[in-house]
J.: 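One structure, as structure tokens, below. Some questions next.
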Amino acid sequence: MEDLDLVVEDGEILRIEGPNGSGKTSLLKILTGQLSPTSGQLEWHGRSLTKALRDYLETLLFIGHAPGVTASLTAKENLGWSAALADIRVDDDAVEHALANVGLYGFEDVTAGQLSAGQQRRIALARLELIPRPLWILDEPFTALDRAGVGWLQERILAHRAAGGAIVLTTHHEFALDERVRTVQLGVVHGCA
Amino acid sequence: MEDLDLVVEDGEILRIEGPNGSGKTSLLKILTGQLSPTSGQLEWHGRSLTKALRDYLETLLFIGHAPGVTASLTAKENLGWSAALADIRVDDDAVEHALANVGLYGFEDVTAGQLSAGQQRRIALARLELIPRPLWILDEPFTALDRAGVGWLQERILAHRAAGGAIVLTTHHEFALDERVRTVQLGVVHGCA
Amino acid sequence: MWKFIHKLGSPKWCYQLCGRLQPWFWIAATTLLVVGAVWSLAFSPPDYQMGDSYRIIYVHVPAAILAQSVFVAMTLASVVFLVWKIKLADMAASVMAPFGAAMTFLGLFSGALWGIPTWGTWWTWDARLTSMLIQLFIYIGIIALRGAFANTGQGAKAVAVLTLVGVVNIPIIKYSVYWWNTLHQPATFTLTERPAMPASMWVPLLIMVLGFYCFFIALTLYRLRSEILKRESRTRWVQEFMM
Amino acid sequence: MMSACAVQFKRELSIARRRGSEWINPLLFQSLVIVLFPLGISPRPDLLATIAPGLLWVTALLAMLLSLDALFRGDFADGSLEQMLLSSQPLAALCLAKTFAHWLLTGLPLALLAPVLGLLLSLPVTGIATLVTALLLGSVTFSLLGAIGAALTVSLPRGGVLLSLLILPFYIPVLIFGAGAVTAAISGGSVAAPLALLGAMLALALASAPFAIASALRISVNG
Amino acid sequence: MMSACAVQFKRELSIARRRGSEWINPLLFQSLVIVLFPLGISPRPDLLATIAPGLLWVTALLAMLLSLDALFRGDFADGSLEQMLLSSQPLAALCLAKTFAHWLLTGLPLALLAPVLGLLLSLPVTGIATLVTALLLGSVTFSLLGAIGAALTVSLPRGGVLLSLLILPFYIPVLIFGAGAVTAAISGGSVAAPLALLGAMLALALASAPFAIASALRISVNG
Ligand code: HEM
Ligand SMILES: Nc1ncnc2c1ncn2[C@@H]1O[C@H](COP(=O)(O)OP(=O)(O)OP(=O)(O)O)[C@@H](O)[C@H]1O
Ligand SMILES: Nc1ncnc2c1ncn2[C@@H]1O[C@H](COP(=O)(O)OP(=O)(O)OP(=O)(O)O)[C@@H](O)[C@H]1O
Ligand SMILES: [Mg+2]
Ligand SMILES: [Mg+2]
């Protein structure tokens, strides 16, 4: 990967673009502190990320390629667990409300394994409703969503920015957002033997 | 699922549309003879599908949600195996050519597990180049592809139709094809307890 | 004939049929079991070798025979289910399995009890005993496999395949006493010969066996009815029925 | 943190409940393997009684080992593990909750079943109480150590056998003192020493395994 | 069809080659479990010699069983199995090729290793030749029957223990005659009868298992 100098600020959307295999997922993994960069360094609020990792994670909501939805739990149980991991207390109403917002009203007590690809994805996205975190990092969040779902998610992202949150995302989707979205273009890939 | 009466003919593109969970994947599974419909029946060239299944499968190329690409084999080995399953003989040149066509030139001998999500998907799509079959059934083929990949695949689909082939596909993507694409709209889902 | 099979495949019709047949089998089972039990315990003579301990035979043999018959019935049901896709056959197989397992256990248990006075040990690794133990494990495997699937239809088919594979054990149980010379005695009842026991011993035994069969059928009909209601609970006829 | 652990623990139990009678499988596995021995070796009761303590321990160990492979596999495949890693909760504590649930669903039932199997193998009754106590202590250690192996192999496509290879060497001390305690109880020797050693191993595992599990998971998920 | 099977077979071998020394894992597993026994039971050579034939068979059986769980799991997860099902090639033949590759990578090495382990357990040399022959025959049956179980459980999140439950009962006859043949060879009895029975079971499995595997796979993939 070439040189890259990124700054993400509150109230900003950063979109990472690039062809398949250009390293978007790897970059997000670096940004979430999962991979350490081969060179260069990460800072958060002026502190090195490795040192401030715990505090950093408390501000972060990440949804990756794999949605992190357990097939043998119901939609509600899945969200309850996510909330516990984020250390917030939620009652049944809040969870049901979040699920209704992502269009899963009536599916609260169906085990996730019985839902379609897009519906499982929506369970993961319901975290955005349930867990208030300033920084969202989303890897291909529009995957498997239908048109209504894409529309909802775009609005949700704009609303989060409006509320002062920051979003980093990758997507191959045509992205119907305004000009205030910063885009980073990653290089083309060259085959290697 | 409601009543549905579908006829797919040569030289035709049939697009199945519908919100998440409306049964698109299930419908494709029925069309490939994997699931049997609870009611109704399938015919192929005037014969019942269950009887003509073997002949039918010889005309079919299916790419589903899971790409069918083995992580510990190289791109080339994966395609060689796909060709063998389709009972066609291919030489190394043909395989390399197909891989180059999907933008994987130089990645022929990298194991698939080391490639990005979109690159793995491209290995699966290289089957469209390598294995000549009249009927393509594709479930969300644009998933994980970058813009160039989407463009390539759309052209490839049009070329296949022009050559007299038939295509059935599902996608939530805005689909930049002409008015000759037939679209079937599946119903909205209602939650169940 | 085809019409009949088709009709039998309709849960509603079958539910009613089971309801009509059920009382008769309960009556037959009770009568046969009571008569058989009284006769065998009170009236048939003690064995000249084994004394009174031989009376275990009146539980042991029916249980052992049922253990195998139930599995054969499950196999037939599985074939019907796989070939004609009649869901009812699977429901029947699913309610029979626990009963078969129970009978296998009873056969093993009574045999073990009986072994103490006659063979001087409650267990030996003899071919029949072993194949019977395998049978118990096969039953348990079948029940476990069904429980492991969240999707009922998928579990049903998987269980049907396993049942077809498992049926190879039945001839092994049956013929183990001929193929290997073992401690265990060969069959009492065969179609070609008269039993070697005196009639006062084998007639009550036959009654007990028939009684066990009737009990099995009655219980299966009863449990099949509740299984039908459970699996068809979303259909209109069940909902109307429940109101 | 306590509440996150409690939720994690409840989650494991719910998953197990959804999957029905799965907790019974290790028990059946142990029973089946124990049945294999008289079949393959010899059904002589005196011989069986001699090998009974060791056989019970080895089969309980194998039953636990087999069930361990799945401990993190599902969570890894569906991305839940990634979420756990990115949570601000201490990963070691979450892992401990998971491991404890695993023990509750396998180790505990195995320890409670042991007397029955022991009697089948004509194990003298004087050994039964020690057998259960030793298994209760030892199986927790098995769960904790095994979870390290499960964490290390979770990203590998065929973990099963490799996991056994990694973990079996560490199980050996537990096995020796566990089976030793039972043999001592039967022959009238002192059982306090081996049981105390089992307890010490348990304490050691409890203090260090959670951190090992957590770092093994980080390595497996992020490569 | 022959060529598709050949390619399928080569594919399995390439996958195994990519994964490196994986074929060695069952051997190590068997060796480790065999080591557990003297540790857990007693290192007396006469006792070990008595239990050696059975122990070798039971451990070989367990080693194969463990490796079987992964037979179709990877192909199921990445969609390759779906492609095999939708191929116009006969699924049973493809499954046979897969199963044969599995045997070549586990059963064969286990049979060839057996003499070494036998000598370690002080098994009389007169039994060695029979041990290898019997294991060669029996392990193919193990692979074939085990593949049915693997196919039935491939879609279940935690197949391992359940697979053992389903398949062990069917392994028991093979085990009895296999261990019986070795014991007979040592005591100077006739080995022809048990070996012939092992051969018969193999023939039966070979004729029917591929179809059972194929239909089990269809059920697992499509529900
Ligand atoms: C755990 C131990 C035992 C097991 C698993 C067992 C198993 C069986 C089985 C499977 C049958 C059914 C035969 C058939 O279908 O035709 C049977 C029948 C019978 N068993 Fe046992 N048995 C055991 C112990 C004994 C003992 C100790 C005795 C008495 C000495 C005994 C006497 C009989 C007799 C007389 C029959 C009737 C034979 C016939 O009518 O077929 N069994 N047993
Ligand atoms: N294994 C299953 N068991 C039970 N129900 C299922 C199963 N798989 C899917 N369904 C149900 O079938 C319906 C249709 O699912 P399907 O996967 O066909 O949807 P889809 O149209 O492909 O959706 P998506 O756009 O999200 O891929 C869903 O409502 C889902 O609840
Ligand atoms: N596990 C791995 N081992 C080695 N190389 C890897 C691994 N995963 C990814 N790579 C390499 O890193 C590069 C970037 O991969 P990455 O997944 O970040 O791409 P991406 O931009 O997310 O692509 P996509 O749009 O297809 O999701 C790829 O060229 C790939 O070959
Ligand atoms: Mg990516
Ligand atoms: Mg779909």
Side-chain angles (χ1 to χ4, degrees), chain A residues 16-27 29 64-66 74-75 96 99-100 102-110 112 114-123 125 139-140 142-152 170-176 185-186 188-193, chain B residues 16-27 29 64-66 74-75 96 99-100 102-110 112 114-123 125 139-140 142-152 170-176 185-186 188-193:
Chain A
I16 298 166
E17 242 192 358
N20 291 137
S22 55
K24 301 180 293 301
T25 300
S26 309
L27 178 59
K29 283 202 171 174
H65 271 295
T74 64
E96 275 168 25
L99 282 172
V102 295
L104 288 178
Y105 177 77
F107 289 99
E108 294 91 352
D109 293 316
V110 182
Q114 294 185 309
L115 297 176
S116 79
Q119 288 171 323
Q120 293 192 20
R121 197 88 213 160
R122 282 160 184 259
I123 299 182
L125 292 173
D139 197 359
E140 301 281 345
F142 298 104
T143 305
L145 288 189
D146 57 20
R147 226 165 295 162
V150 171
W152 169 82
T170 72
T171 173
H172 299 302
H173 241 79
E174 293 306 326
F175 198 53
Q185 187 75 38
L186 294 187
V188 204
V189 267
H190 303 286
C192 49
Chain B
I16 297 165
E17 243 192 357
N20 291 137
S22 55
K24 300 179 295 300
T25 300
S26 309
L27 178 60
K29 284 203 167 173
H65 270 296
T74 65
E96 276 167 24
L99 282 172
V102 294
L104 288 178
Y105 177 78
F107 290 97
E108 294 90 351
D109 294 316
V110 182
Q114 294 185 307
L115 298 176
S116 80
Q119 287 170 322
Q120 292 192 22
R121 197 85 213 162
R122 283 160 185 259
I123 300 182
L125 292 173
D139 197 358
E140 301 280 345
F142 298 104
T143 304
L145 289 188
D146 56 21
R147 228 167 291 162
V150 170
W152 169 83
T170 70
T171 173
H172 298 304
H173 242 78
E174 291 307 325
F175 197 53
Q185 188 75 38
L186 294 187
V188 205
V189 265
H190 303 285
C192 47

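Computed from a predicted model, the values in this text were never measured in an experiment. Throughout, a chain's letter reflects where its sequence line sits, starting with A, and its residues are numbered from 1.
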J.: Can you say whether T25(A) sits under 4.5 Å from chain B via the side chain, the backbone, both, or neither, judging by heavy atoms?
T.: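 The answer is neither part of T25(A).
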
J.: Side chain, backbone, both or neither: which part of A117(A) has a non-hydrogen atom closer than 4.5 Å to chain B?
T.: side chain

J.: Working to the nearest 0.5 Å, report the span between OG of S22(B) and CD of Q119(A).
T.: 8.5 Å

J.: Checking L104(A) against chain B: side chain, backbone, both or neither under 4.5 Å from a heavy atom?
T.: neither

J.: State which residue, out of E17(A), H172(A), K24(A), fulfils the side chain to side chain contact (heavy atoms under 4.5 Å, CB included) condition with D146(B).
T.: H172(A)

J.: Identify the heavy atoms of G21(B) and S116(A) that sit nearest to each other, and give their distance.
T.: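 Looks like N-OG, 3.0 Å.
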
J.: Does R122(B) reach the side chain of N20(A), with side-chain heavy atoms less than 4.5 Å apart?
T.: yes

